[in-house]
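Step one of this worksheet: look at the structure below.
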Amino acid sequence: MTLIESIGLRALHHLPPETAHDLSIRALERGLVPLNGGPVTSDRLRLTIAGLDLPNPVGLAAGYDKNARAVPALMRAGFGFVEVGAATPRPQPGNPKPRLFRLTQDRAIINRFGFNNDGAQAIAARLAARPAGIPVGLNIGANKDSPDRSADFASVVRIAGAAADFLTVNVSSPNTEKLRDLQGADALAALLDGVIRARDELPNRPPVFVKIAPDLDDEALAQIASVAMAAPVDAIIATNTTLSRDGIDPTHAQQAGGLSGAPLFDRSTRILARLARQTAGRVPLIGVGGIGSTDQAWEKLRAGASAVQIYSALIYQGFALAARIAQELDDRLTRQRMTLPELTGSGIDDWL
């Protein structure tokens, strides 16, 4: 982390969390954040997932740039791919403020944003104007007041899908009431059928991913894996935020919303490993949840991920984290004379 970024992070942490978040987006838009200049890459780091060529396996998770305002800058931050959103068919304000809470002692955050966004049309226009470079995907969701939430997902695909390199079906956010009900086998199968039909109408036919919750029991996880492979989806992202408050400082533990950051790491990695065992390599997995170091990214890959995503750790370590993890992964692979495919899934049993 540069001195400028360190000073900027300290300043942001003196502001309310959502104010700091919005200012960081504005700073990126205006070119005020020191960035890597492009993705870290090498022959060891390059990979292909669902037809997407990634320069490295370290991505940005959805939720940071909800409205695709800072995409050109984020494409230069060192990531191998970026995901924005979630987008809903119509703009919506989300839940009442305050709705974002720092848990500094735990290196975590709790949010209950509730899919606040400018709507699929505005987000699509920004995505369409981005420069060439790394893959940029769109996380898609449903409006809170929609009479047919399943249909909302297909609607976002039709509005914005042609502007994205991949689409992530988000049925795992805990901040829209009853949204997680769509993870049930029948509901998810119907939803994915509608999304894939809408995707197949697009000229670019972007791959479809699905993002799951970390709070699933074995039966629910097995059902999701079966439905996802039958759909078929092109990758599964494991996991979203958790409703659990295990092991965190009690100061904000009573706040409603999804917990992300360091406390999520073990829970999400165990889900990832179980999913890897159930899918047996038939669908790529992307590991997200609690990654704040190269060691943790390495463990996600060992647990079955082909690539990883980070977000909450950026609040505490800055954007230099993405390039640092990618470079250190490259160095470690070189030292151990391993390839990424050899690393992926090599430690599943350690997490079961």
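Model, not experiment: these values are computed from the prediction.
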| query | Which of parallel (below 30°), tilted (30 to 60°) and perpendicular (above 60°) describes Phe79 and Phe319? | reply | perpendicular
| task | Determine, for Asp53 against Arg46, whether the closest basic-nitrogen to carboxylate-oxygen distance falls under 4.0 angstrom. | result | no
| message | As a test of understanding, state which of Asp118, Asn117, Asp152, Asn170 forms a side chain to side chain donor-acceptor pair (under 3.5 Å) with Thr88. | response | Asn117
| message | Salt bridge or not between Glu29 and Arg26? Use side-chain N to carboxylate O under 4.0 Å. | response | no
| request: Return yes if some donor-acceptor pair links the side-chain N/O of Thr48 with the main-chain N/O of Gly51 below 3.5 Å, else return no. | output: no
| remark: Taken in chain and number order and not counting sequence neighbours, the residues that satisfy side-chain hydrogen bond (donor to acceptor under 3.5 Å, both in side chains) with Thr294 are Glu328
| message | If the threshold is 4.0 Å, N to carboxylate O, is there a salt bridge linking Arg332 and Asp295? | response | yes
| request: Would you please classify the geometry between the Tyr64 ring and the His21 ring as parallel, tilted or perpendicular, with 30° and 60° separating the classes? | output: perpendicular
| Leu259 and Ser244, any side-chain heavy atoms less than 4.5 Å apart | no
| message | So that I can tick it off, tell me whether Asp193 and Arg197 are bridged by a salt bridge, with the cut-off set at under 4.0 angstrom between side-chain N and carboxylate O. | response | yes
| task | Could you list all the ring-ring contact (aromatic ring centres under 6.0 Å, His included) pairs where at least one residue sits in residues 277-303, not counting sequence neighbours? | result | none
| said: Is it the case that the side chains of Gln121 and Arg90 hold a donor-acceptor pair, with the cut-off being a distance below 3.5 Å and no angle test? | reply: no
